[in-house]
Protein chains: 2
Amino acid sequence: MANVSSTADEILRCARSLIIGGGYNGFSYADISGVVGIRKASIHHHFPSKVDLVRAVVQRHVEEAAAGMAALDRHHPDPADRLRAYARYWAECVRDPANAFCVCALLASQIPVLPEEVVVEVRSHFRALSDWLTSVIQEGAKQGRLNLSCDARAEAEVFMAAVHGAMLSARAYGDDAAFRTIVTRLIDRLVADHDEPTKRAAPGA
Amino acid sequence: MANVSSTADEILRCARSLIIGGGYNGFSYADISGVVGIRKASIHHHFPSKVDLVRAVVQRHVEEAAAGMAALDRHHPDPADRLRAYARYWAECVRDPANAFCVCALLASQIPVLPEEVVVEVRSHFRALSDWLTSVIQEGAKQGRLNLSCDARAEAEVFMAAVHGAMLSARAYGDDAAFRTIVTRLIDRLVADHDEPTKRAAPGA
DNA sequence: GACGGCCAACCTACTGGTTAGCAGGCTGGC
DNA sequence: GCCAGCCTGCTAACCAGTAGGTTGGCCGTC
């Protein structure tokens, strides 16, 4: 909402990248203190408990994701292009170690040991992303730009799962190109299922 | 290799389910001590350090996975059936909270904070699984049972990513049915791409 | 008597969190 | 104009609890 102080902002950004690195139990207040150049107690001043901090990180991610999806909707009238732009965005993130995973996807893997407050935020992100992908795919099908092999919701769930799994594979292989390969395949299959089996030639085709 | 003592075995099983719950930093020796009914020091007797313990868990998982894939090869001559059996196996695991994730997939998400010894084991599992899926899909394509939209390796990478992502979605939604939905779609698309768009009628079709 | 399995007691480092308090900026009242 | 009062941002010092790990020794058995 209101713009928070730059220190709280820095703490959030730092916590975010630490979570992306190793999840909820993979970092401590001391880690943040070291990076931001502030004492542990000062972090507690901005975020009383670790739960508050992580929840704030996730909430911000959810907001930014919503804004990002809205921006994609605005800038890419063609649903196929919208999916490609979404993929490009994440491909760029995956290159940067501090950004190489979706905060919510990473936290989702640790849900059994996560505080409930964080779980609900993570869940809401999955719902929002699935909803958006469903709408994009639905629109693409209506316009004849995308070829679905089942209903849009199911197609969207497969898409989302594959994107998250691709982040995992990139990390496991230690090779960010793995992400791009998988996601490109995924989109090609949706966009050019019948006429262009392996590669898209030109956007207007 | 040689069958270890039942205590070491219990420790391994316990550590495994704890890792599945929250990853490398999501459990402690005290947690295991509580569940197995043994003192912390005794765990160190069997596994000198946490790295040794987790590496052993992953190594066992890799071995069991190899055995499982070999068994699927033996019991299911039809590659499409083999993929379905693989999916069924994991669908069953996902129902059980102590088994609801692939140990290697979960650890892969935390690679940046993992000791190198564990990382190499995790990586080798991803390679082995990708190799096996590639061989199954290749064989299915040769036999005309599967319809590929790209080369078998790429198809296998998409498949593996989607399966891992489906585990994540099931966890995020708190609904193990989400896993089955996604993976069923995924296989249907491979098996019955052209003649049965949404649902497989009978195995012999 | 050597060895495998186990444990009590202990260790150091670090965890998330609290407390009391300081410096500086902004306010209102005189 | 000035000062009291308050708020924000920050910190040193401290806390109890827990992390992974070590030591020395007990007990059975082969």
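The analysis underlying the following values was restricted to heavy atoms, covering all of them including side chains, and did not include hydrogens, waters or symmetry mates. Chain letters run A, B, ... following the sequence lines, proteins first and then strands; every chain starts at 1.
Counting to the nearest Å, the C1' atom of C:dC6 and the CZ atom of B:Phe47 are 15 Å from each other. Atom NZ in A:Lys50 sits about 15 Å away from atom P in C:dC14, given to the nearest Å. Rounded to whole angstrom, the span from the CD1 atom of B:Ile43 across to the P atom of C:dG4 amounts to 20 Å.
A close approach under 4.0 Å does not occur between any side-chain nitrogen or oxygen of A:Thr7 and OP1 or OP2 of D:dG9. Between B:Ser42 and the phosphate of C:dC7, there is a side-chain N or O to OP1/OP2 separation shorter than 4.0 Å. Look at A:His44 and you won't find any side-chain N or O under 4.0 angstrom from OP1 or OP2 of C:dT19.
Scanning for ring pair (Phe, Tyr, Trp, His ring centres under 6.0 Å) contacts around A:Phe47 gives an empty result, with sequence neighbours left out. With sequence neighbours left out, B:Arg39 forms a side chain to side chain donor-acceptor pair (under 3.5 Å) with no residue at all. Here A:Ala105 pairs with A:Phe101, A:Cys102, A:His164, B:Leu168 under the side-chain contact (heavy atoms from CB on, under 4.5 Å) rule; sequence neighbours left out. Under the side chain to side chain donor-acceptor pair (under 3.5 Å) criterion, A:Asp176 pairs with A:Arg180, sequence neighbours left out. Qualifying ring pair (Phe, Tyr, Trp, His ring centres under 6.0 Å) partners for B:Tyr24, counting only residues two or more places apart in sequence or in other chains: none.
Using modelled atom types and a 3.5 Å distance limit, the side chains of A:Ser130 and A:Glu157 yield a donor-acceptor pair.
Nearest nucleotide to the side chain of B:Ala41, out of C:dA9, D:dG20, D:dC10: C:dA9.
Each salt bridge (charged side-chain N to carboxylate O under 4.0 Å, His left out) pair with one or both residues in residues 40-57 of chain B, not counting sequence neighbours, appears once here: B:Asp52-B:Arg55. Applying the side chain to side chain donor-acceptor pair (under 3.5 Å) definition to pairs two or more places apart or across chains, those involving residues 94-105 of chain B are B:Arg16-B:Asn99. Sorted by first and then second residue, the salt bridge (charged side-chain N to carboxylate O under 4.0 Å, His left out) pairs involving residues 128-140 of chain A (not counting sequence neighbours) are A:Arg82-A:Glu139, A:Asp131-A:Arg153. Within the structure, the side chain to side chain donor-acceptor pair (under 3.5 Å) test picks out the following pairs touching residues 111-127 of chain A (sequence neighbours left out): A:Gln59-A:Glu121.
Along DNA chain D, the nucleotide closest to A:His45 and the one closest to B:Val51 are compared, and the more 5′ of them pairs with A:His45.
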*Report the C-alpha separation of B:Ile19 and B:Val58 in whole Å, then their side-chain angles, then the decisive distance to 0.1 Å, and conclude whether the side-chain contact (heavy atoms from CB on, under 4.5 Å) test is met.*
CA-CA 10 Å; B:Ile19 292 171; B:Val58 176; 5.9 Å; no

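Residues from residues 24-39 of chain B lying near DNA chain D, meaning a heavy-atom separation below 4.0 Å, are B:Phe27, B:Ser28, B:Tyr29, B:Ala30 in numerical order.
Contact annotation: side chain of B:Lys40 to base of D:dG21, donor-acceptor pair present below 3.5 Å.
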Please tabulate the protein-to-nucleotide N/O contacts below 3.5 Å involving nucleotides 27-30 of chain D, giving atom names and distances.
none

Scan nucleotides 22-24 of chain C against the protein and return all N/O pairs shorter than 3.5 Å with their distances rounded to 0.1 Å.
none

